[in-house]
Amino acid sequence: MDIEHPTLLRLYDTMVTIRTFEERFIQEFKAGKPVSMGHSSAGQEAVPAGVCAHLNQDDYVASTHRGHGHCIAKGVDPVAMMAELYGKATGSNKGKGGSMHIADVSKGMLGANGIVGSNLPLATGAALTAKVKGTRQVSVSFFGDGASNQGAFHEALNLAAIWKLPVIFVCENNLYAEATPVEYAVSVGNIADRALAYGIPGVVVDGQDAFDVYRAAGEAIERARAGGGPTLLECKTYRYYGHWTGDDDSTYRTREEVEYYRSKDCIEGFKRRVVDQGLVPLEELEEVEQKAQALIEEAVRKAEADPLPSLEELETDVYASYK
Amino acid sequence: MDIEHPTLLRLYDTMVTIRTFEERFIQEFKAGKPVSMGHSSAGQEAVPAGVCAHLNQDDYVASTHRGHGHCIAKGVDPVAMMAELYGKATGSNKGKGGSMHIADVSKGMLGANGIVGSNLPLATGAALTAKVKGTRQVSVSFFGDGASNQGAFHEALNLAAIWKLPVIFVCENNLYAEATPVEYAVSVGNIADRALAYGIPGVVVDGQDAFDVYRAAGEAIERARAGGGPTLLECKTYRYYGHWTGDDDSTYRTREEVEYYRSKDCIEGFKRRVVDQGLVPLEELEEVEQKAQALIEEAVRKAEADPLPSLEELETDVYASYK
Amino acid sequence: MVGREIPFSLAINESIRSEMRRDPNVILMGEDVAGGAGREDFVDAWGGAFATYKGLITEFGPERVRDTPISETGFIGAAVGAAATELRPVVELMFVDFVGVCLDQLMNNAAKMRYMFGGKIEMPLTVLTYCGAAGGNAAQHSQSLYSLFVHLPGLKCVAPSDAYTAKGLIISAIRDNDPVIVFIHKGILGRKAEVPEEDYTLPIGKAMVGREGADVTLVGISSMTGVCLKAAEELAKGGINAEVIDLLSLSPMDEDTILQSVQKTQRLVVVDEDTPRCSMATDIAALVADKAFDYMDAPIKRVTAPHTPVPFSSVLEKAYVPDVAKVVATVKSLWS
Amino acid sequence: MVGREIPFSLAINESIRSEMRRDPNVILMGEDVAGGAGREDFVDAWGGAFATYKGLITEFGPERVRDTPISETGFIGAAVGAAATELRPVVELMFVDFVGVCLDQLMNNAAKMRYMFGGKIEMPLTVLTYCGAAGGNAAQHSQSLYSLFVHLPGLKCVAPSDAYTAKGLIISAIRDNDPVIVFIHKGILGRKAEVPEEDYTLPIGKAMVGREGADVTLVGISSMTGVCLKAAEELAKGGINAEVIDLLSLSPMDEDTILQSVQKTQRLVVVDEDTPRCSMATDIAALVADKAFDYMDAPIKRVTAPHTPVPFSSVLEKAYVPDVAKVVATVKSLWS
Ligand SMILES: Cc1ncc(C[n+]2csc(CCOP(=O)(O)OP(=O)(O)O)c2C)c(N)n1
Ligand SMILES: Cc1ncc(C[n+]2csc(CCOP(=O)(O)OP(=O)(O)O)c2C)c(N)n1
Ligand SMILES: [Mg+2]
Ligand SMILES: [Mg+2]
């Protein structure tokens with residue numbers, strides 16, 4: 001399958017915007033700026049980019065604690081996201097959610113989520129809505145290797161399988177759950193093999209390769225839209241930074257390992273490939289990079305300047321109506 | 001593998017005692033006696049019999065709502081069990097537990113359990129005790145086809161697999177969870193195939209055949225004792241009566257189906273086989289039957305006569321110490 | 001003229017049926033809410049573990065009346081996800097005791113998404129759950145537990161006391177745009193009351209005065225309202241005139257009705273089947289000890305279950321649940 | 001002479017270490033309680049998400065200090081099963097907010113097995129869990145939630161307020177033959193107090209009087225005890241002499257100490273970071289409104305978090321948690 005030029009640009013744009021956002025976020029945190037703690041997805045950009053390139057605005061995504069990339073890929077405004085990390089009234093969540101809860105339902109983004117595994121049933125439910133209403137929408141749950149050991153994973157996959165729901169379970173296997181290596185905690189070699197327990201397709205892809213992710217996700221999403229039910233898509237990937245902003249990852253993995261994965265960087269690899277193969281001119285890619293830089297620069301400037309929420313906000317938005 | 005005469009007798013004894021207990025219990029319930037509601041395991045006797053024939057008193061069993069058979073097979077006194085069903089002070093649980101919580105820790109029986117799936121982690125923990133203490137004990141969790149859709153199933157199997165714990169997960173697939181057929185609720189043909197998700201052996205056996213169960217359980221238990229880790233053993237079986245004492249099963253399954261499975265009765269089949277093959281003389285089997293009858297008769301008589309708990313019992317046994 | 005009387009269980013059925021007719025986005029999910037799933041000859045085998053949903057699948061079909069696997073996190077989580085998108089799911093948690101396997105979806109998602117998202121989402125989810133000690137179901141199938149849910153901001157909780165309040169509150173719950181947990185006491189499912197055929201709503205957040213009186217206020221929850229009413233009759237014989245408040249809505253709670261009543265009676269006894277610590281009983285007592293302190297003439301009393309699991313044996317189960325005798329004795333102690 | 005001062009986090013470490021030395025049946029389990037599991041070069045990578053278990057795996061090895069998958073039902077359930085057999089497990093539930101995925105094992109098994117089995121089992125299980133709002137962890141990582149656990153008969157609950165009480169209570173918890181949940185406030189892990197090197201126990205079920213006073217009783221829980229003590233200093237300047245009770249043990253609760261204090265002061269303000277409904281705050285207020293009603297001279301007040309999820313933004317988080325100003329204002333209102 002050839003990927004068209006606009007899609008290639010979109011993939012690159014998504015990856016670069018995420019990377020720029022994440023690195024700037026870490027920089028702000030390290031500089032002691034009053035930003036949220038958070039979990040950077042730098043290194044893993046090809047996954048949300050490749051998957052979400054197939055999604056329409058009315059498709060759904062349910063995300064995790066490591067959710068910045070999913071949000072950006074699903075169309076949440078990075079400016080509102082940065083303001084959220086700063087806890088500002090202008091944030092995507094009015095400053096009430098922070099990094100772990102960024103959401104924009106109008107974009108089909110049903111939220112980052114602080115409870116590991118908790119978003120799989122949510123995505124399953126969004127797919128149920130599509131099924132009951134008879135639309136062609138699909139729903140995607142992103143989750144980590146560690147999450148595949150949660151009961152919620154099991155229950156959601158079984159439910160989606162028996163009801164043939166249009167949901168794609170995308171496992172971002174970045175080899176670690178906090179400081180725990182996947183080979184210690186997960187009892188099976190490929191998490192995708194857990195699909196065998198539900199009679200659904202399980203697919204392994206190179207999560208550092210946006211082409212590969214795009215292709216495999218496309219098939220799964222097409223199958224889902226056509227009523228073929230769920231897929232478990234495992235993307236082998238890697239996070240570049242600590243588990244969270246305060247984590248020193250050198251306590252549990254070697255620098256060589258990190259360097260090895262950095263040498264297979266999803267953005268660099270993609271750039272080399274599309275330029276070498278003459279699919280996208282270098283200048284266009286550089287333009288994307290500059291735009292992303294400018295966007296995130298502006299996002300930080302705005303986030304710093306924007307107002308904090310007023311104290312009345314503490315008690316609003318709990319209920320649609322109460323009493 | 002030939003099964004020795006004493007073991008054959010034990011298997012028969014266990015099955016017949018369970019059947020006699022269960023049918024008498026149902027009879028008492030239908031007659032309006034003040035017994036517990038409960039979930040009869042009649043029809044499924046070959047599974048607890050075949051598995052528990054390999055267990056020592058200090059091995060562990062964690063059971064379910066349908067636990068009478070597991071209790072009897074693990075050596076809990078049927079007389080104390082019947083008294084428990086009558087809510088008497090002399091019951092196995094002093095009348096505080098009832099059918100769904102019969103236990104006798106001194107016999108390694110860690111309790112029936114009213115929460116579907118809840119016993120799998122318990123059995124896993126008992127196996128952890130054996131591992132940490134370096135004994136050769138094993139632990140068995142019995143559970144149903146429906147329970148295999150609970151998150152606890154997934155978490156327990158993964159944990160047992162990565163820690164190579166001496167636990168055997170015995171799925172009693174009786175084709176229904178309440179009124180829900182297994183083929184509707186479970187997304188995979190054989191529940192044993194879910195073992196693939198944990199890199200552990202998954203084995204299917206005919207749960208109506210005590211020989212088959214005994215053999216397969218023996219292998220799994222031997223492997224566990226030798227440090228080879230857990231096994232998922234699926235026993236295809238059938239319950240003869242409604243889901244619980246008040247259930248009319250004709251609302252969800254045909255009489256032909258019930259008759260078909262009754263024609264493959266585990267007790268009748270076993271009896272025919274051992275007699276036909278000259279392994280056990282008919283008289284010995286009949287003696288077993290008579291003893292079981294007498295035992296259960298006595299159990300009911302005693303249960304009816306025994307005293308109810310005194311009202312002080314309401315507030316005792318909550319804590320070992322409080323305040 | 002006495003109107004039509006129907007049991008509590010049928011009121012549940014009618015309320016869901018009427019909302020499913022009214023709004024195609026309303027769906028029903030749970031274990032065996034129909035039963036016999038996938039078997040054409042056995043549609044509607046159970047209609048729910050308490051047979052409260054009989055006939056719904058035949059009217060609305062399996063797309064909208066969905067039997068689920070025994071996966072409460074999976075299907076209640078899916079109901080939350082469906083409510084977050086465009087459906088209005090009614091989901092059964094068969095016994096409230098099972099909340100242990102799925103609390104996360106209710107506590108961390110359903111209850112908090114709106115707040116965490118800055119108000120930019122609605123969560124029209126209704127959870128029906130069956131609670132209370134009755135018939136020897138023992139420790140894991142007899143709890144009340146509503147106090148746990150009331151503790152959690154973001155959830156609404158109602159506990160109808162009879163068929164009439166059940167129908168009105170369940171319809172209100174389904175139409176509500178917040179997550180509402182409906183606590184249904186298993187012991188009163190068969191009890192009948194006068195219930196209009198048409199649909200009607202009762203406001204969430206409002207209590208009802210079940211009996212007026214001037215000497216003491218009894219607050220009852222769910223099946224305890226019936227106990228309070230009987231105790232009031234008993235007390236009347238001895239010249240004590242009790243006012244009985246049927247709380248109905250636990251969160252939000254109708255503080256005004258309680259406070260107005262105790263300002264009149266100056267005495268309060270809360271009657272609650274839930275266990276005593278950090279409970280509805282303490283909640284109501286604390287409210288009054290704060291906001292009506294100056295009016296009170298006697299210690300604020302609570303009649304509750306003991307701080308123990310629910311025992312199996314019938315004699316113990318009977319001793320566990322608050323009854324008329326205990327309520328009467330407690331009330332009388334206020335004048336001793 | 002001032003003794004050795006160590007932070008709360010180290011007191012946790014010392015208490016577990018001393019019990020693991022003392023009793024080979026004590027094991028520790030949880031996510032990354034060591035970290036880097038299976039990697040020989042990276043033993044003890046984290047020592048827990050809050051680095052409170054550093055060095056334990058190097059002393060006791062991976063058989064007794066076990067990193068777990070993210071499977072709280074699996075490994076907490078396994079801890080219950082291990083406690084039911086012959087071990088004495090200490091298990092971490094990293095953030096109390098995660099109880100939603102594993103409540104069943106604590107509520108229906110650990111808490112009830114002894115009762116359901118007629119007293120024929122012991123359950124020497126200790127759960128360490130981290131709670132409280134601090135540092136912008138938002139709605140799913142900042143809850144207090146101990147009120148939920150206290151509601152459940154069969155569980156014991158303690159909430160140390162500093163390093164000294166932490167060491168004594170954790171050692172008591174590990175030696176106790178019932179399931180004990182230890183609630184540790186994340187915001188005070190770094191705070192130092194004088195702590196003996198040797199092991200010692202503090203009795204579960206006993207409160208401590210942190211400051212004597214005659215005018216009003218302040219009851220503090222966990223980090224709120226510090227807030228109460230500061231408020232008391234502040235109040236002293238205005239001539240109000242507050243007694244501060246450090247509750248420490250939530251279940252069982254030291255009713256006597258509370259009742260004796262209010263009999264003297266005749267005024268009560270409970271300070272609790274948990275949300276207000278069906279909570280420890282209402283529990284204590286209700287106790288006093290019942291058992292010390294005649295002594296009370298003013299409405300019984302509660303200073304708690306609001307009935308909302310925990311907000312992220314630092315300004316809102318700060319407004320969420322009860323602070324000295326709110327306590328002082330509430331106390332003063334008792335004389336207005
Ligand atoms: C139920 C639950 N348990 C534990 C945690 C703490 N925690 C947060 S992230 C994380 C690791 C998640 O690993 P993985 O699923 O692989 O995602 P990754 O962080 O690698 O993206 C853990 C244990 C949590 N948030 N929720
Ligand atoms: C967590 C939970 N959900 C639901 C129930 C209600 N329930 C009791 S038994 C049962 C069916 C169990 O089916 P299965 O596991 O196949 O065991 P079987 O009854 O067939 O032996 C259900 C749904 C429960 N007890 N616990
Ligand atoms: Mg990971
Ligand atoms: Mg079954």
Side-chain angles (χ1 to χ4, degrees), chain C residues 73 97-108 111-112 114-116 138-140 143 145-154 250-251 253 270 274-294 296 298-302 305-309 311-312, chain D residues 73 97-108 111-112 114-116 138-140 143 145-154 250-251 253 270 274-294 296 298-302 305-309 311-312:
Chain C
T73 288
D97 315 69
F98 306 162
V99 68
V101 302
C102 60
L103 177 65
D104 179 60
Q105 293 296 331
L106 296 172
M107 175 173 94
N108 285 321
K112 296 185 171 55
R114 183 177 173 84
Y115 190 81
M116 296 190 301
Q140 294 177 340
Q143 296 168 86
L145 291 184
Y146 34 73
S147 304
L148 298 186
F149 295 80
V150 172
H151 183 63
L152 301 172
L250 315 184
S251 180
M253 181 166 77
V270 185
D274 208 347
T275 53
R277 304 289 318 274
C278 299
S279 63
M280 278 306 301
T282 66
D283 192 86
I284 296 166
L287 167 75
V288 169
D290 177 8
K291 302 250 181 83
F293 179 81
D294 290 332
M296 300 310 287
I300 298 167
K301 292 287 175 188
R302 289 161 282 137
H307 184 67
T308 76
F312 161 64
Chain D
T73 288
D97 315 69
F98 306 162
V99 68
V101 301
C102 60
L103 177 64
D104 179 59
Q105 293 296 330
L106 296 172
M107 174 172 96
N108 286 322
K112 297 185 171 55
R114 184 177 173 82
Y115 190 82
M116 295 189 302
Q140 294 177 341
Q143 295 167 87
L145 292 185
Y146 33 74
S147 305
L148 298 187
F149 296 79
V150 173
H151 183 63
L152 301 172
L250 314 184
S251 180
M253 181 165 78
V270 185
D274 208 346
T275 52
R277 302 290 318 276
C278 300
S279 62
M280 277 306 301
T282 66
D283 192 85
I284 297 166
L287 167 75
V288 169
D290 176 8
K291 302 252 182 84
F293 178 81
D294 290 332
M296 301 309 287
I300 298 168
K301 291 287 175 187
R302 288 160 284 137
H307 184 66
T308 76
F312 160 64

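These values consider heavy atoms only, across backbone and side chains, with no hydrogens, waters or symmetry-generated copies. In what follows, chains carry the letters A, B, and so on, assigned in the order in which the sequence lines appear, proteins first and then strands, with residues in each chain numbered from 1.
When all heavy atoms of P153(D) and P309(C) are compared, the closest pair comes out as CB-N, 3.9 Å. Across all their heavy atoms, A286(D) and A285(C) have their closest contact at CB-CB, 3.7 Å. Contact detail for A139(D) and K112(C): the closest heavy-atom pair is O-CE, 3.3 Å. Nearest heavy atom pair, residue P311(D) against residue Y115(C), reads CB-OH, 3.4 Å. Between I300(C) and D290(D), the shortest heavy-atom contact is O-CB, 3.3 Å. In terms of heavy atoms, V150(D) sits closest to H307(C) at O-CE1, 3.7 Å.
In terms of non-hydrogen atom pairs under 4.5 Å with chain D, the most contact-rich of D274(C), D294(C), T73(C) is D274(C). Listed options T282(D), L103(D), D104(D) were ranked by heavy-atom pairs under 4.5 angstrom with chain C; first place goes to T282(D). Taking A111(D), P306(D), A289(D), C102(D) one by one and counting their heavy-atom pairs under 4.5 Å with chain C, the maximum is reached by A289(D). Taking chain C as the reference chain and counting heavy-atom pairs below 4.5 Å, the highest number among Q105(D), R114(D), M253(D) is found for M253(D).
Distance check, rounded to the nearest 0.5 Å: SG of C278(C) to CZ of F149(D) gives 11.5 Å.
Contacts of L250(C) with chain D are made by backbone atoms alone, with heavy-atom separations under 4.5 Å and no side-chain atom involved. Using a 4.5 Å cut-off between heavy atoms, L152(D) contacts chain C through both its backbone and its side chain. In this structure, the portion of A298(D) lying under 4.5 Å from any heavy atom of chain C is its backbone and not its side chain. Neither the backbone nor the side chain of I284(C) comes within less than 4.5 Å of any heavy atom in chain D. Only the side chain of M107(D) comes within contact range of chain C, with at least one heavy atom under 4.5 Å from a heavy atom of that chain. Proximity to chain D (any heavy atom under 4.5 Å) is restricted, for P276(C), to the backbone atoms N, CA, C and O. Residue S279(C) touches chain D through both its backbone and its side chain, counting heavy-atom pairs closer than 4.5 Å. Within the 4.5 angstrom heavy-atom criterion, atoms from both the backbone and the side chain of T275(D) approach chain C.
Between K291(D) and P299(C) the shortest side-chain heavy-atom distance does not fall below 4.5 Å.
Between the D97(C) side chain and the N108(D) main chain, no donor and acceptor come within less than 3.5 Å of each other.
Contacts of D283(C) classified as side-chain hydrogen bond (donor to acceptor under 3.5 Å, both in side chains), with partners at least two apart in sequence or in another chain: R277(D).
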Apply the test side-chain contact (heavy atoms from CB on, under 4.5 Å) to residues M116(D) and Q140(C): give CA-CA distance (whole Å), side-chain angles for both, the deciding distance (0.1 Å), then the verdict. CA-CA 9 Å; M116(D) 295 189 302; Q140(C) 294 177 340; 3.7 Å; yes
